[in-house]
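Positions are given from 1 along the sequence.
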Amino acid sequence: CRAWRTTEPPAVGALGAARLRELTADAVLQPLAALFAQDEAVKPEFDALLDLERLVRYHRDLYRLLHNFVNFADFYDRERGGIFQVGTLYFDGRASRLCVDAPDMARHGLLGGRSNVYLVYCECTRAGVKRTICAGMTDGDSNGLIVGRNGLFVDRQGRDWDATVVKVVENPISVREAFWSPYKRVLRFVEDFVAKRAAEADKAADGKLSTAALTVATPPAAGVQAAKPKIDVGTVAALGVAVGGITTALGMMLSAFFGLGYWIPVGLLGLVLLISGPSMAIAWMKLRSRTVGPLLDANGWAVNGRIRINIPFGTAMTSLARLPGNAVRQLGDPYAEKRQPWGAVIVLVLVAAAALWTGWDRFRHGSWWWQRCTVEQALEK
């Protein structure tokens, strides 16, 4: 009806006077008046049909309407997936169903980061069409969640998209991962430091080689002696003091640790808790404050409540890959290098030598015959 109304002429006068006289003649108006009378006669039936249509629509849609906008039962449906979920991301040995659209990644990151969820933004392509999604990782670890890796995204219609990670918002995934995070950071720092020092040493070696080649190619002028390398005594002394201090501190720590005696396991447990405890506490607090609200708000949904992501909910949103029931994992490497038994032989020889030396020392100090010989030797002297 709206489309037909747009085809009406802008003014009645555009029809012309002759056409207007034809339309207002009695031969045209009387049949129209009869049709109007017929419409008025069936008005109660037509109104009843409208009420019936409204009742049928209520019966069909009111239940869904209430479940969507009153108690949000369909919004967070567990079996079919919530309305806000756009699909499943298969990535890094897991399937994440907490996926939402993120057309504006920068704006979404400002609000989504407040959810305390580990977020992975992926650019998905299919037949030349691109879209950006945001997936929440609520189980597993973050070792393989790096920018540039590829995955597979399957939308609600069952269509598969090629997914590439373009941004990561880091947050704790589990307390178990937080236990190992300090050691991973130290290992990463050592690796970066060694790589940096190796690069600097390689650059310095190249510079020295270039300088030496230039010196050999250009002999010094007559009467000019080549400069001799100088050793900075202060630097050597400072290095010695630093090495000595580190060695002393390490020796004191080891002496205190081994001085615990039978309490060494308790001390080792306390040291581990001292290192991993703060990370685990911070992760526990952030995991308790995880919520879907900022993700939905950044996605355009007007959801103002705090929908917590507890451990069961997070486990349900992210499924880890597991071997089938009848599968067998092959632990042996068919291309592994042949191991030589020399290491085990050396360890056994050292252990045997230590045992023999300990036994001989105890025999020497505990045998009456040895003590008698020692006394006789002393008396003779």
How many angstroms lie between atom [atom1] of [X] and atom [atom2] of [Y], to the nearest 0.5 angstrom?
{"X": "L320", "Y": "D141", "atom1": "CG", "atom2": "CG", "result": "8.5 Å"}
{"X": "N116", "Y": "R288", "atom1": "CG", "atom2": "CZ", "result": "12.5 Å"}
{"X": "L55", "Y": "L50", "atom1": "CG", "atom2": "CG", "result": "12.5 Å"}
{"X": "N171", "Y": "K286", "atom1": "CG", "atom2": "NZ", "result": "5.0 Å"}
{"X": "L296", "Y": "Q85", "atom1": "CG", "atom2": "CD", "result": "9.5 Å"}
{"X": "R176", "Y": "M280", "atom1": "CZ", "atom2": "CE", "result": "11.0 Å"}

Original post:
Does a side-chain heavy-atom distance below 4.5 Å link T132 with H108?
Top reply: no
Subject >> Heavy-atom side-chain contact between I309 and V292 under 4.5 Å >> reply: yes
**OP:** Quick one: do E22 and R19 satisfy salt bridge (charged side-chain N to carboxylate O under 4.0 Å, His left out)? Show the steps, please.
**Re:** CA-CA 5 Å; E22 294 177 1; R19 181 59 179 163; 3.0 Å; yes
Linking I/L/V/M/F/W/Y whenever any side-chain heavy atoms sit under 4.5 Å apart, do [X] and [Y] land together?
{"X": "M137", "Y": "V168", "answer": "yes"}
{"X": "V169", "Y": "L145", "answer": "no"}
{"X": "I173", "Y": "F91", "answer": "yes"}
{"X": "V147", "Y": "F153", "answer": "yes"}
{"X": "V117", "Y": "M317", "answer": "yes"}

Check: [X] side chain, [Y] main-chain N or O, donor-acceptor pair, under 3.5 Å:
{"X": "T318", "Y": "T138", "answer": "yes"}
{"X": "T24", "Y": "R21", "answer": "yes"}
{"X": "R94", "Y": "D139", "answer": "yes"}

Taking all heavy atoms of [X] and all of [Y], pick out the closest pair and write down the distance.
{"X": "L295", "Y": "C134", "result": "CD2-SG, 4.4 Å"}
{"X": "P103", "Y": "D101", "result": "CD-C, 3.6 Å"}
{"X": "S279", "Y": "A178", "result": "CB-O, 3.4 Å"}
{"X": "L98", "Y": "F84", "result": "CD1-CE1, 3.9 Å"}
{"X": "A298", "Y": "L111", "result": "CB-CB, 3.6 Å"}
{"X": "A95", "Y": "T88", "result": "CB-CG2, 4.0 Å"}

Original post:
Using 4.0 Å as the upper bound for N to carboxylate O, is an ion pair formed by K196 and D192?
Top reply: no
**OP:** Inspect the contact between E200 and R197 and indicate whether a charged nitrogen and a carboxylate oxygen are less than 4.0 angstrom apart.
**Re:** yes
**OP:** Only one of V86, L89, V129, I133 passes side-chain contact (heavy atoms from CB on, under 4.5 Å) with C124; say which it is.
**Re:** I133
Subject >> Exceeds 12 heavy-atom contacts within 6.0 angstrom, atom CZ of R126 >> reply: yes
Original post:
Hey, is CZ on R114 packed in by over 12 heavy atoms from elsewhere, all under 6.0 Å?
Top reply: no
Subject >> Candidate pair V166 and M105, rule side-chain contact (heavy atoms from CB on, under 4.5 Å), full reasoning >> reply: CA-CA 10 Å; V166 294; M105 188 169 56; 3.7 Å; yes
**OP:** Check the pair L62, L65 against side-chain contact (heavy atoms from CB on, under 4.5 Å), reporting the backbone distance first and the verdict last.
**Re:** CA-CA 5 Å; L62 182 60; L65 180 69; 4.1 Å; yes
